[in-house]
Amino acid sequence: MVDIDSVVTEYRASRGTFESLTFRVTTLIKDLLAREKIDVIQVESRTKDVESFRDRLSRKGDRYTDPLREITDLSAVRIITYYQKDVDTIGTLIEKEFEIDTDNSINKGAELDPDRFGYMSVHYVASISDSRGQLPEWLTFQSMKVEIQVRTALQHAWAAVNHKLDYKSADEAPAELRRKLFRLSALFELADEQLSDIREARSQITQEYVSEVQEGNFDMPLNRTSLRAYLITHPYMKEILSFTKSDLGRNVVGLSDPHPSRSRDLTDLLATLRHCDIDSISAFDTLMRRLMNRAADIKSIFAGSSDLTPEDSPTLENFLTYWILLDADIDKKFFVSVYGDDAWDDFAQDVRTYRQP
């Protein structure tokens with residue numbers, strides 16, 4: 001049995017170094033995810049506090065001879081993803097960028113005993129790779145370990161619920177609850193699998209829509225996926241971007257560039273089209289051909305009148321929404337639901353200018 005007070009004192013003195021390790025590894029992981037363009041829900045981290053460390057030693061101190069080296073989660077990072085497939089992708093990245101202690105790293109979902117509830121995340125016990133450890137900013141952390149957890153949002157939710165229930169296995173739960181707990185954990189796992197399947201199906205459907213648009217076939221229903229496929233594929237969009245820049249003096253943000261309001265603006269465009277009784281891509285294409293023939297009319301509204309800074313540049317979706325509303329016989333109630341009440345007077349004036357002979 002270790003001398004708990006002595007080891008706790010040592011940990012208290014060195015905890016700042018573990019905090020630095022946690023911070024550096026968290027930053028590194030965020031940079032790696034950004035570099036690989038892997039979108040995650042959250043990257044969170046913590047350094048075990050002194051009292052938690054003492055509690056661990058009080059309960060399990062007889063397992064250790066050198067706790068500061070043997071306890072591997074003093075520094076911990078958790079990555080929460082959207083989909084199960086992302087867990088695998090991120091795992092491959094971690095295995096590439098860190099030295100992994102394979103004996104202590106576990107895929108808790110794959111190794112889950114049949115009498116335990118639920119499916120859980122992948123836990124890596126990692127240390128800095130030899131090449132990175134030679135860099136001056138990493139020298140201090142060469143021999144230290146960090147636990148990196150990777151889990152989906154639903155795995156995270158299940159872990160939180162399971163922790164609250166405090167039933168680690170079926171034997172611990174009252175018989176009256178076991179069946180419900182097994183069914184609930186199975187539903188979480190099934191939902192995770194279904195979400196991954198839906199993402200794969202959506203990707204396939206998107207490619208099919210893109211191919212149809214490229215071939216000039218617009219006979220497809222209007223939905224968010226088909227609309228985006230049209231926007232990213234049809235030559236009209238490049239013409240509009242060129243027109244807005246050269247003739248209107250507006251820096252409209254195209255589909256290939258990120259924008260904080262892009263998702264909301266696509267939602268507004270879809271709602272506007274449906275409000276105008278556009279229910280197919282074919283009907284939307286007909287509308288776009290009519291709008292393109294009226295480019296000179298919208299030029300009279302926007303050319304030289306923009307006071308937007310580059311940071312305020314609208315998305316292509318937002319620009320199209322406004323143009324469609326100008327062209328349509330739109331009521332104030334719907335316009336306000338998209339752009340707000342403050343913009344109505346300016347819009348009403350733009351409508352008069354757009355429609356004058």
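Just so you know, these numbers use all the heavy atoms, side chains as well, and skip hydrogens, waters and symmetry mates.
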Run T321 and D268 through side chain to side chain donor-acceptor pair (under 3.5 Å) and show every step you take.
CA-CA 7 Å; T321 298; D268 289 341; over 6 Å; no
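- Side-chain atoms of H259 come within 3.5 Å of backbone atoms of S313 as a donor-acceptor pair (strictly under, hydrogens ignored).
- With contacts defined as side-chain heavy-atom distances shorter than 4.5 Å, the pair E10/L68 qualifies.
- For the residue pair F334 and A271, the shortest heavy atom distance occurs at CZ-O, 3.7 Å.
- Nearest heavy-atom pair across M288 and L320 is CE-CD2, 3.9 Å.
- Side chains of R151 and V87 form no contact here, defined as non-hydrogen atoms less than 4.5 Å apart.
- By the 30° and 60° cut-offs, the orientation of the rings of F141 relative to W138 is perpendicular.
- Counting only heavy atoms from C-beta outward, the side chains of V213 and V210 never approach each other to under 4.5 Å.
- Residues F243 and I298 meet the side-chain proximity criterion, which asks for heavy atoms closer than 4.5 Å.
- Contact check on D327 versus R290 returns a salt bridge, with a Lys/Arg side-chain nitrogen under 4.0 Å from an Asp/Glu carboxylate oxygen.
- Contact annotation: the side chain of V43 never approaches that of I80 to less than 4.5 Å [non-hydrogen atoms, C-beta and beyond].
- Atom OG of residue S52 and atom OH of residue Y11 lie 8.5 Å apart, to the nearest 0.5 angstrom.
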Give the intermediate values and the outcome of ring pair (Phe, Tyr, Trp, His ring centres under 6.0 Å) for residues Y339 and F347.
CA-CA 10 Å; Y339 284 104; F347 173 74; 7.6 Å; no
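- What you find for V40 and Y82 is that their closest heavy atoms are C-CE1, 3.6 Å.
- Judged by distance alone, the side chain of T244 and the main-chain N or O of L241 form a donor-acceptor pair under 3.5 Å.
- In plain terms, the two heavy atoms of R199 and D86 that are nearest each other are NH1-OD1, 3.2 Å.
- In this structure, R183 places its CZ atom where only 12 or fewer heavy-atom neighbours from other residues, nucleotides or ligands lie under 6.0 Å away.
- When hydrophobic clusters are built by joining Ile, Leu, Val, Met, Phe, Trp and Tyr residues whose side-chain heavy atoms come closer than 4.5 Å, directly or via intermediates, I41 is not grouped with I198.
- Side chains of Y124 and D101: a donor-acceptor N/O pair is absent below 3.5 angstrom, by distance only.
- Within a 6.0 Å radius of CG in D219, other residues, nucleotides and ligands contribute 12 heavy atoms or fewer.
- S280 places no side-chain N or O within donor-acceptor distance of the main-chain N or O of L222, the cut-off being under 3.5 Å.
- For D73 and R56, the salt-bridge test passes: some basic side-chain N is under 4.0 Å from an acidic carboxylate O.
- A pairwise comparison of heavy atoms in M237 and L231 identifies CG-O, 2.9 Å as the closest pair.
- The NZ atom of K332 sits 14.0 Å away from atom CD1 of I330, with the distance rounded to the nearest 0.5 Å.
- Atom OG of S14 sits about 11.5 Å away from atom CG of L21, to the nearest 0.5 Å.
- Looking only at distances, no side-chain donor or acceptor of T152 sits under 3.5 Å from a matching main-chain atom of Q84.
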Donor-acceptor pairs under 3.5 angstrom involving side-chain atoms of residues 29-37: please list them, not counting sequence neighbours.
from : atom 1 : to  : atom 2 : distance (Å)
R35  : NH2    : E97 : OE2    : 3.2

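- The structure places OG1 of T81 at 9.5 Å from CG of L154, a figure rounded to the nearest 0.5 Å.
- The existence of a salt bridge linking D49 and R12 is excluded, since no basic side-chain nitrogen approaches an acidic carboxylate oxygen closer than 4.0 Å.
- In this model, no donor atom of one side chain and acceptor atom of the other lie less than 3.5 Å apart for S75 and R46.
- Taking CD of Q214 as the start and CD of Q207 as the end, the distance is 8.0 Å to the nearest 0.5 Å.
- The existence of a salt bridge linking R262 and D257 is excluded, since no basic side-chain nitrogen approaches an acidic carboxylate oxygen closer than 4.0 Å.
- When the shell of 6.0 Å around CZ of R224 is examined, it contains more than 12 heavy atoms from other residues, nucleotides or ligands.
- Between R264 and E317 there is no salt bridge, since no side-chain N of the basic residue sits under 4.0 Å from a carboxylate O of the acidic one.
- Panel note: side chain R15, backbone K48; a donor-acceptor pair is recorded below 3.5 Å.
- Closest approach of T22 and A76 over heavy atoms only: CG2-O, 4.0 Å.
- Panel note: side chain S242, backbone K238; no donor-acceptor pair is recorded below 3.5 Å.
- Within 6.0 Å of CZ on R294 lie more than 12 heavy atoms contributed by other residues, nucleotides or ligands.
- A distance of 10.5 Å separates CG of L28 from CD of E137, quoted to the nearest 0.5 Å.
- With 3.5 Å as the limit, one finds a donor-acceptor pair spanning the side chains of E147 and Q149.
- For the pair S105 (side chain) and V125 (backbone), a donor-acceptor distance under 3.5 Å is present.
- Between the side chain of D192 and the backbone N or O of F188, no donor-acceptor pair lies under 3.5 Å.
- Taken together through direct or relayed side-chain contacts under 4.5 Å among Ile, Leu, Val, Met, Phe, Trp and Tyr, L325 and M292 form part of one hydrophobic cluster.
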Side chain to side chain donor-acceptor pair (under 3.5 Å) for S226 and N223? Distances and angles first, verdict last.
CA-CA 5 Å; S226 63; N223 53 54; 3.2 Å; yes
Test K85 against E200 for salt bridge (Lys or Arg N to Asp or Glu O under 4.0 Å), laying out the working first.
CA-CA 10 Å; K85 188 173 181 179; E200 294 299 318; 3.5 Å; yes
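- In terms of modelled atom types and a separation under 3.5 Å, the side chain of E212 and the main chain of E208 share no donor-acceptor contact.
- In this structure, Y236 has its ring center no closer than 6.0 Å to that of Y230.
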Show, in sequence, the C-alpha distance, side-chain angles and deciding distance for D350 and Y322, and conclude whether the side chain to side chain donor-acceptor pair (under 3.5 Å) test is met.
CA-CA 10 Å; D350 287 345; Y322 197 82; 2.6 Å; yes
